[in-house]
**Student:** 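Right, I'll just put the structure down here and ask away after.
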Number of protein chains: 2
Amino acid sequence: MDTRTLASDLSLAVVRLTRHLRGRRTDSQVSLTQLSALASLSADGPMTPGALAAKERVQPPSMTRVIASLAELGLVVRTPHPTDGRQIIVSLSDPGQALVTDETSAREKWMNDRLAALDDSQIAVLRESVEIISSMVSDSE
Amino acid sequence: MDTRTLASDLSLAVVRLTRHLRGRRTDSQVSLTQLSALASLSADGPMTPGALAAKERVQPPSMTRVIASLAELGLVVRTPHPTDGRQIIVSLSDPGQALVTDETSAREKWMNDRLAALDDSQIAVLRESVEIISSMVSDSE
DNA sequence: TATTGTTATACTCTATAACTATA
DNA sequence: TATAGTTATAGAGTATAACAATA
C-alpha cells in the first residue's frame, strides 16, 4: 500500500484539527496542553516532572511551566521525593481529578457534536486510529 | 456506540502527534503552519488571503502573517485582484510548488518511518481517519 | 561528575481590536 | 456603511542555554 501521501495528509489533518480544538476551549478552565498533562497523571498516577515531560514528549523546562500553572490553579500538588532530594513528585489534587473526569465524560462539546454526526463504522475507524496514533507517538525515540 | 471518551482520547492523541510533528521539522525550510497553507494553495489554486484563512480555519490577521513569511521566502506571490482594489490574489511560486511536491513525496521522514512499521489494515484505518477528520474540520461553523 | 529541576530568554502560532483603503 | 486586508498588541506553547541543588 502506498504511504507516500498518507504522512503528509495525516500531518495536515491533525494540525488543522488541533487548531480547532485549541481555539474552542475558551470556555474551559484549562488549555489542551494542561489537560493533556492532567490526563497523563490520571492515567499513570503521580510522577516526577521529568517523567511527565518524557511522557508528554516535551522538554523539561516546558513541563516546569505547565506544572507551575496547574499548581497555581490547585489542580496538582508537588511533594518532595522521599529519598532523592533532587526530585519532586507531582500528583493530581481532588479538584484536578474531578476536572479530568468531567472533561473526559462531558465537556468536549464541539467534537462530540461532530462525532454524533458520524455513523458507527466511522466511529470505529477513529477509535482504531487513536490506538495507532498513540502507539506511533509513544514509540521509542 | 459510546462516543463519550472518544472525543477526549482523539483530542489528546492529535495534540501529542502535532507536538511531535512541529518539533521534528527543524530540518525543514518551512513550519507545519506554513506548509499547511502552501498545501491548500496547491490543492485549490490561487485565492485571496481571506479565502485561505477560511480554508485553514484561522483568523485573517493570522493568515496575513503566514503569507508575509512565505512571500519573504519567495514561496508565494501576491498580485492585485483584477477588478476589486481591496483584494489580493495569493499564488504559489515555482519554488513554492516544488517545495510542496517535495515535502509531500519524501520529506515526512519521521512519520514515514512509523507508518512503515504498520500493517496494511492499520494504514487503511489511518487513511480513512484522515477523510473523517478532514470532513469534521471542514464542516460549517 | 552526573542528574533533576528551574530560571532566563526567545521564537512561533494564534487571537482580538483598531486602522486603512476600496466598494 | 460594509468588506478586505493589515498593523498593533498580547498570550499560550515550546525550545535551548545557563544555573542551582543534590547524588
Side-chain angles (χ1 to χ4, degrees), chain A residues 11-12 14-38 46-73 76 78-90, chain B residues 11-12 14-38 46-73 76 78-90 137 141:
Chain A
S11 295
L12 300 181
V14 301
V15 75
R16 287 168 190 163
L17 179 55
T18 301
R19 206 135 63 187
H20 273 255
L21 294 173
R22 286 196 188 281
R24 291 189 185 267
R25 291 187 61 76
T26 51
D27 53 329
S28 176
Q29 187 187 358
V30 296
S31 73
L32 206 47
T33 295
Q34 292 171 314
L35 179 60
S36 186
L38 292 175
M47 66 185 90
T48 64
L52 191 51
K55 184 145 188 55
E56 289 287 313
R57 305 284 155 163
V58 297
Q59 294 302 309
S62 302
M63 188 49 66
T64 292
R65 292 187 58 167
V66 174
I67 292 170
S69 68
L70 292 173
E72 199 168 338
L73 290 168
V76 301
R78 287 175 284 197
T79 53
H81 190 283
T83 62
D84 187 335
R86 297 171 303 180
Q87 297 188 51
I88 283 177
I89 306 295
V90 182
Chain B
S11 295
L12 299 181
V14 301
V15 76
R16 287 168 188 162
L17 179 55
T18 301
R19 206 135 62 187
H20 273 256
L21 294 172
R22 286 196 189 282
R24 292 191 183 266
R25 293 186 61 76
T26 51
D27 53 328
S28 176
Q29 186 188 359
V30 296
S31 72
L32 206 47
T33 296
Q34 291 171 315
L35 179 61
S36 186
L38 292 174
M47 66 184 90
T48 65
L52 191 51
K55 185 148 186 51
E56 290 287 314
R57 306 284 156 163
V58 296
Q59 293 302 308
S62 302
M63 189 49 67
T64 292
R65 292 193 59 170
V66 174
I67 292 169
S69 68
L70 291 173
E72 199 168 338
L73 290 168
V76 302
R78 287 176 284 198
T79 52
H81 189 283
T83 61
D84 187 335
R86 296 171 304 181
Q87 297 189 51
I88 283 177
I89 305 295
V90 182
V137 174
E141 303 298 299

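Please read these numbers as outputs of a predicted model, since none were measured by experiment.
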**Student:** Report yes if a donor N or O on one partner sits less than 3.5 Å from an acceptor N or O on the other, where the partners are the side chain of A:R65 and the base of D:dT14; otherwise report no.
**Tutor:**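 Checked by distance alone, the answer is yes.
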**Student:** Do B:L21 and A:V15 come within less than 4.5 Å of each other through their side chains, counting heavy atoms only?
**Tutor:**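 Result no, sub-4.5 Å side-chain heavy-atom pair not found.
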**Student:** Nearest whole angstrom, please: distance from the P of D:dA12 to the CG of A:L21.
**Tutor:** 18 Å
**Student:** Send over the distance from A:I89 CD1 to C:dG5 C1', rounded to a whole Å.
**Tutor:**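 Between C1' of C:dG5 and CD1 of A:I89: 13 Å.
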**Student:** D:dT14, OP1 or OP2 - any side-chain N/O from B:R19 closer than 4.0 Å?
**Tutor:**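 Yes, such a contact exists.
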**Student:** Starting the side chain at C-beta, find the nucleotide from C:dT3, D:dG5, C:dA15 nearest to B:I88.
**Tutor:** D:dG5
**Student:** Considering every strand and a 4.0 Å limit on heavy-atom distances, what is the contact class for B:S62: base, sugar-phosphate, or nothing?
**Tutor:** base
**Student:** Could you tell me how far apart B:E56 (CD) and C:dT14 (C1') are, to the nearest whole angstrom?
**Tutor:** 13 Å
**Student:** Contact class for A:P61 (heavy atom, under 4.0 Å): base, sugar-phosphate, or nothing?
**Tutor:** base
**Student:** Measure NE2/B:H81 against P/D:dT6 and give the value in whole Å, please.
**Tutor:**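 Between P of D:dT6 and NE2 of B:H81: 14 Å.
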**Student:** Contact between B:R19 and A:S36 at the side-chain level, heavy atoms closer than 4.5 Å - yes or no?
**Tutor:**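 In short, these two side chains touch, coming nearer than 4.5 Å.
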**Student:** Check this one for me: any side-chain N or O of A:T33 less than 4.0 Å away from OP1 or OP2 of D:dT14?
**Tutor:**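 Yes, such a contact exists.
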**Student:** B:M63 CE to C:dT14 P: how many Å, rounded?
**Tutor:** 8 Å
**Student:** Should B:S31 be listed as having a side-chain N or O under 4.0 Å from OP1 or OP2 of C:dT12?
**Tutor:** no
**Student:** According to a strict under-4.0 Å criterion, is B:T48 in side-chain N/O contact with OP1 or OP2 of D:dA4?
**Tutor:**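 No.
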**Student:** May I have the distance from A:L52 (atom CG) to C:dT4 (atom P), rounded to whole angstrom?
**Tutor:**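 Rounded to the whole Å, the gap is 15 Å.
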**Student:** Just to confirm, is there a sub-4.0 Å distance from OP1 or OP2 of C:dT7 to any side-chain nitrogen or oxygen of A:T64?
**Tutor:** no
**Student:** Got a donor-acceptor contact below 3.5 angstrom from the A:T18 side chain to the A:V14 backbone?
**Tutor:**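 It does hold such a pair.
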**Student:** Does A:T83 or B:A51 map to a spot on DNA chain D nearer the 5' end, using the closest nucleotide for each?
**Tutor:** B:A51
**Student:** Is the shortest side-chain heavy-atom distance between B:E56 and B:V66 below 4.5 Å?
**Tutor:**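 No, side chains not in contact.
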**Student:** Under a 4.5 Å cut-off applied to non-hydrogen side-chain atoms, are B:L38 and B:V76 in contact?
**Tutor:** yes
**Student:** Roughly, in whole Å, what's the span from CD in A:Q87 to C1' in D:dT22?
**Tutor:** 10 Å
**Student:** For the pair made of CG in B:L73 and P in C:dT12, what is the distance, rounded to whole Å?
**Tutor:**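 Value for this atom pair: 11 Å.
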**Student:** Categorize B:S36 for me: base, sugar-phosphate, or nothing, with a 4.0 angstrom heavy-atom threshold over every strand shown.
**Tutor:** nothing
**Student:** So what does B:Q59 touch, heavy atoms closer than 4.0 Å: a base, only the sugar-phosphate, or nothing?
**Tutor:**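 Base: the residue B:Q59, judged by heavy atoms under 4.0 Å, touches a nucleobase.
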